[in-house]
Number of protein chains: 2
Amino acid sequence: MSTPDRSLPLRERKKQRVRRTLSDTALRLFLREGFQETTLERLVDEAEVSMRTFFRYFPSKEHVALAAEGELWEAFVADLCGREVHGTLLAVLRESMLDSIRDMGEDWERRFIATRGLAARTSVLRDFSELSSIRVQRQLVEVLEEKLGIDGREDVRLRLVGEFALSAWRCGAKNWVRGGRQYGKGRGGRAELIRRVAEAFDAIPASLTMTAPHREGDPEPDVITSA
Amino acid sequence: MSTPDRSLPLRERKKQRVRRTLSDTALRLFLREGFQETTLERLVDEAEVSMRTFFRYFPSKEHVALAAEGELWEAFVADLCGREVHGTLLAVLRESMLDSIRDMGEDWERRFIATRGLAARTSVLRDFSELSSIRVQRQLVEVLEEKLGIDGREDVRLRLVGEFALSAWRCGAKNWVRGGRQYGKGRGGRAELIRRVAEAFDAIPASLTMTAPHREGDPEPDVITSA
DNA sequence: AGGACAATGCCAGTTACTGGCACATCAGTT
DNA sequence: AACTGATGTGCCAGTAACTGGCATTGTCCT
């Protein structure tokens with residue numbers, strides 16, 4: 001339940017505590033009673049802050065539910081900003097993303113797993129989560145444009161690379177949730193998440209040339225046409 | 001402003017007319033006064049239906065604004081369902097998407113352009129549009145799973161292919177809007193859209209191996225590492 | 001013409017979210 | 001310790017998207 005850093009000014013510590021109380025309480029209530037079913041009124045009552053204050057910390061009900069995910073994206077963008085770019089851009093994004101996951105605090109893992117479990121059974125949160133990933137992709141491209149001096153509008157490839165990185169994330173994360181459920185506790189931790197996302201990144205080249213498997217009754221396939 | 005098909009039963013024609021009135025009025029009002037600024041009350045008043053009826057036609061304010069886009073996705077999924085799969089999946093998706101754009105009705109083009117212009121200056125609509133594209137991607141993968149007898153959870157590549165197709169769409173459409181604005185009227189039509197999306201599809205392979213351009217002051221780049 | 005069914009309108013309610021202002025709390029200064 | 005400016009919080013009243021229920025109207029079929 002990590003206490004705020006002692007060295008920070010009192011005011012700052014207090015803010016962090018409020019924020020944390022809100023997202024923890026939210027996660028607890030949402031998991032127990034459902035996201036849609038829990039009203040914000042109930043939440044702010046439980047967390048003992050006014051509704052007005054809630055909205056000073058989170059811009060929406062969805063944001064507080066997926067706070068852990070938001071923190072990851074913040075870290076990811078920050079990591080990318082301070083990273084030297086060598087080799088293929090896709091490889092850079094891959095490393096940056098994996099490192100970001102690795103470097104999240106100890107407590108983050110637990111919260112993120114809960115968050116994902118919640119999203120898995122709440123369609124509006126699934127939507128919101130995917131939307132967030134697209135927003136991150138936009139930021140990503142902006143960072144790269146800045147770093148490389150390329151205009152993403154001139155060179156389509158830049159945007160595409162951004163898309164692919166987040167595509168890999170979405171696929172990896174999706175399979176991670178599923179795997180976690182299937183193999184019970186112990187699995188489904190951070191290491192497994194990293195493995196899944198890396199796996200998705202690595203599958204990218206092969207997916208481009210993927211063809212329909214030959215099933216009985218099908219006519220003979222033509223020569224493979226250009227992608 | 002295309003009148004509903006004479007052969008359809010009266011009831012059906014009436015429904016189509018209401019639907020059309022709603023989306024046309026919405027587009028007109030939103031373009032003139034802004035999406036956020038126009039309340040649904042104003043819209044249903046203008047279209048002369050009750051608010052309750054509005055929600056029987058469109059599940060949200062966003063949906064009516066982006067109705068034209070929704071129609072495209074509907075057509076796309078339908079096209080893919082009735083399509084034989086030969087060659088690489090990505091090529092199939094590419095053709096299916098381009099054909100769908102080509103086959104949309106005459107009137108669609110005008111509405112779609114307006115729709116996109118609106119989305120370009122309304123952040124919540126941009127978000128919603130991208131979210132829609134992700135939803136389509138989900139459907140797409142389901143269709144392919146069905147057709148090919150592959151489980152997307154077993155083979156990551158399937159989901160990735162779906163992601164790439166819609167990535168290409170997003171990039172292509174984005175550049176299309178920009179290009180349309182830049183070169184004035186005449187350009188920015190359907191043919192141009194198709195060209196842009198095709199261009200994005202074609203840039204996919206090259207984007208995987210894209211590296212940072214060499215800028216003065218940079219150290220010598222290493223050998224390209226594996227993606 | 002008349003019954004079945006589909007679409008619409010009306011009304012009253014819920015809930016996420018916002019602006020404005022008064023009040024409280026904290027940091028730095030004297 | 002009191003003073004001050006800044007920063008954070010609570011309260012209140014409001015808006016606007018969306019929903020359920022039921023009576024009413026319109027369309028189809030025989």
Side-chain angles (χ1 to χ4, degrees), chain A residues 4-23 25-27 29-30 33-67 70 118 122-125 127-128 131-132, chain B residues 4-23 25-27 29-30 33-67 70 118 122-125 127-128 131-132:
Chain A
D5 191 342
R6 271 306 207 181
S7 69
L8 260 48
L10 185 64
R11 223 177 233 170
E12 207 55 35
R13 270 182 278 165
K14 211 168 187 172
K15 266 171 45 177
Q16 288 194 11
R17 209 151 34 211
V18 172
R19 191 179 174 81
R20 197 46 172 277
T21 307
L22 276 172
S23 63
T25 319
L27 219 43
L29 288 178
F30 293 163
E33 321 193 348
F35 177 76
Q36 311 268 23
E37 289 72 22
T38 311
T39 69
L40 279 182
E41 199 170 356
R42 176 103 173 67
L43 169 59
V44 299
D45 182 66
E46 196 87 3
E48 297 184 292
V49 297
S50 75
M51 172 140 302
R52 203 69 192 75
T53 296
F54 171 87
F55 282 104
R56 289 193 184 97
Y57 282 87
F58 297 95
S60 77
K61 193 182 174 185
E62 285 79 18
H63 275 90
V64 72
L66 301 187
L118 181 61
T122 314
S123 66
V124 308
L125 288 182
D127 284 353
F128 186 83
L131 184 56
S132 307
Chain B
D5 189 343
R6 269 310 205 174
S7 70
L8 259 50
L10 185 63
R11 215 179 245 166
E12 208 56 33
R13 271 182 278 164
K14 210 166 187 178
K15 265 170 49 177
Q16 288 192 13
R17 208 150 36 212
V18 173
R19 191 181 174 82
R20 197 46 170 279
T21 308
L22 277 171
S23 63
T25 320
L27 219 43
L29 289 178
F30 293 163
E33 321 195 348
F35 177 77
Q36 312 267 23
E37 289 70 22
T38 311
T39 69
L40 281 183
E41 200 169 357
R42 177 102 172 68
L43 168 60
V44 298
D45 183 66
E46 196 87 1
E48 299 186 291
V49 297
S50 74
M51 172 139 302
R52 204 68 192 73
T53 295
F54 171 87
F55 282 104
R56 288 192 185 100
Y57 282 86
F58 297 95
S60 77
K61 193 182 176 185
E62 284 79 18
H63 275 90
V64 73
L66 301 186
L118 181 62
T122 315
S123 66
V124 307
L125 288 182
D127 284 353
F128 187 83
L131 185 55
S132 307

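A, B, ... follow the sequence lines: proteins, then strands. Residue 1 opens every chain.
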Subject >> Heavy-atom pair of closest approach, residues A:L118 and A:A65 >> reply: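 Closest pair (atom of A:L118, atom of A:A65, distance): CD2-CB, 4.2 Å.
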Subject >> Considering all heavy atoms, the nearest B:L29-B:L43 contact >> reply: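 Looks like CD1-CA, 3.8 Å.
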Subject >> Gap separating the CD atom of A:E48 from the OG1 atom of A:T25, nearest 0.5 angstrom >> reply: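 OG1 of A:T25 is found 9.0 Å from CD of A:E48.
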**OP:** Sugar-phosphate means primed atoms, P, OP1 and OP2; the rest is base. With that split, encode nucleotides 7-16 of chain C 5' to 3' as B, S or - using protein heavy atoms under 4.0 Å.
**Re:** SBBB----SS
**OP:** Apply side chain to side chain contact (heavy atoms under 4.5 Å, CB included) to B:L66 and B:L125, showing your working.
**Re:** CA-CA 8 Å; B:L66 301 186; B:L125 288 182; 4.3 Å; yes
Original post:
Taking only residues two or more places apart in sequence, or in another chain, which ones meet A:R19 in a side-chain contact (heavy atoms from CB on, under 4.5 Å)?
Top reply: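 Partners of A:R19 by the side-chain contact (heavy atoms from CB on, under 4.5 Å) criterion, ordered by chain and then number, come out as A:Y57, A:F58.
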